[in-house]
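Numbers for residues simply follow the sequence, beginning at 1. Quick caveat: nothing in here was measured; it's all calculated off a predicted structure.
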Amino acid sequence: MRITWTLTGSGWADRTLEDRQAEVQLTASHITSAPEEFLTAVARLVAGETETHAQFEAEPTAYRWIFYREGVDTWIRVLELRHGSDHDNKGTEIWSNQLGIDQLARTVIRCFDEAAQTHGESGYPGKWGEHFPRTELEALRHLWHTHRNTDDTQPAEAHCSD
């Protein structure tokens with residue numbers, strides 16, 4: 001699995017999701033804290049929550065990420081909604097996948113590390129309109145390292161085919 005976060009213009013970003021079956025592209029606007037919300041949702045999942053979500057607003061379309069966790073397995077659904085306030089059942093599922101919590105965390109961390117490297121933290125606000133989500137990224141990284149060092153139920157190299 002691969003996720004990219006590409007800043008495309010002032011206040012706009014594209015998020016590309018790729019796996020062996022599909023590739024989808026989502027758009028996000030800076031009108032909400034999409035990167036922070038996304039990183040926080042994944043961090044909460046790593047910390048042990050069984051369901052979290054995040055949403056990207058694309059004015060008026062929205063993309064809702066729904067994450068489920070059971071043990072070391074996660075399921076991800078991405079819904080496209082006509083309006084951000086719509087209920088999940090009004091959305092169209094445009095991507096879904098199942099993977100290990102370790103792979104999910106590693107993939108998301110890599111995505112934002114690459115964004116920081118590409119744009120630089122000082123250049124990021126000029127493209128996105130807001131600061132780089134360093135606090136949320138480091139919180140996720142810390143939780144992931146803690147999870148990896150304390151979770152005896154997960155093999156060290158589970159789901160490493162990303």
Please name all residues satisfying side-chain contact (heavy atoms from CB on, under 4.5 Å) with [X], sequence neighbours left out, ordered by chain then number.
{"X": "Gln21", "value": "Asp19"}
{"X": "His145", "value": "Arg141, Arg148"}
{"X": "Glu37", "value": "Ala54, Gln55"}

Kindly give the cluster partners of Leu79, where membership spreads through any ILVMFWY side chain lying under 4.5 Å from a current member.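 In the cluster with Leu79 are Ile66, Tyr68, Trp75.
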With sequence neighbours excluded, give me every salt bridge (Lys or Arg N to Asp or Glu O under 4.0 Å) pair touching residues 79-88.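 Listed by first then second residue: Arg64-Asp88.
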Pairs touching residues 41-52 that satisfy salt bridge (Lys or Arg N to Asp or Glu O under 4.0 Å), sequence neighbours left out: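 Listed once each, the pairs are Arg44-Glu49.
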Tell me every residue that passes side-chain hydrogen bond (donor to acceptor under 3.5 Å, both in side chains) with [X], counting only those two or more places apart in sequence or in another chain.
{"X": "His87", "result": "Asn89"}
{"X": "Ser96", "result": "Glu93"}
{"X": "Thr52", "result": "none"}

For residues 4-12, which side-chain N or O atoms pair as donor and acceptor with protein atoms under 3.5 Å away, sequence neighbours left out?
residue	atom	partner	partner atom	Å
Trp5	NE1	Tyr124	OH	3.0
Thr8	OG1	Trp12	O	3.3

Side-chain donor-acceptor pairs of residues 128-135 under 3.5 Å, sequence neighbours excluded:
residue	atom	partner	partner atom	Å
Arg134	NE	Glu121	OE2	2.8
Arg134	NH1	Glu138	OE2	2.7
Arg134	NH2	Glu121	OE2	2.5

Partners meeting salt bridge (Lys or Arg N to Asp or Glu O under 4.0 Å) with Glu36 (sequence neighbours left out):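 Counting only residues at least two positions away or on another chain, Glu36 forms no salt bridge (Lys or Arg N to Asp or Glu O under 4.0 Å).
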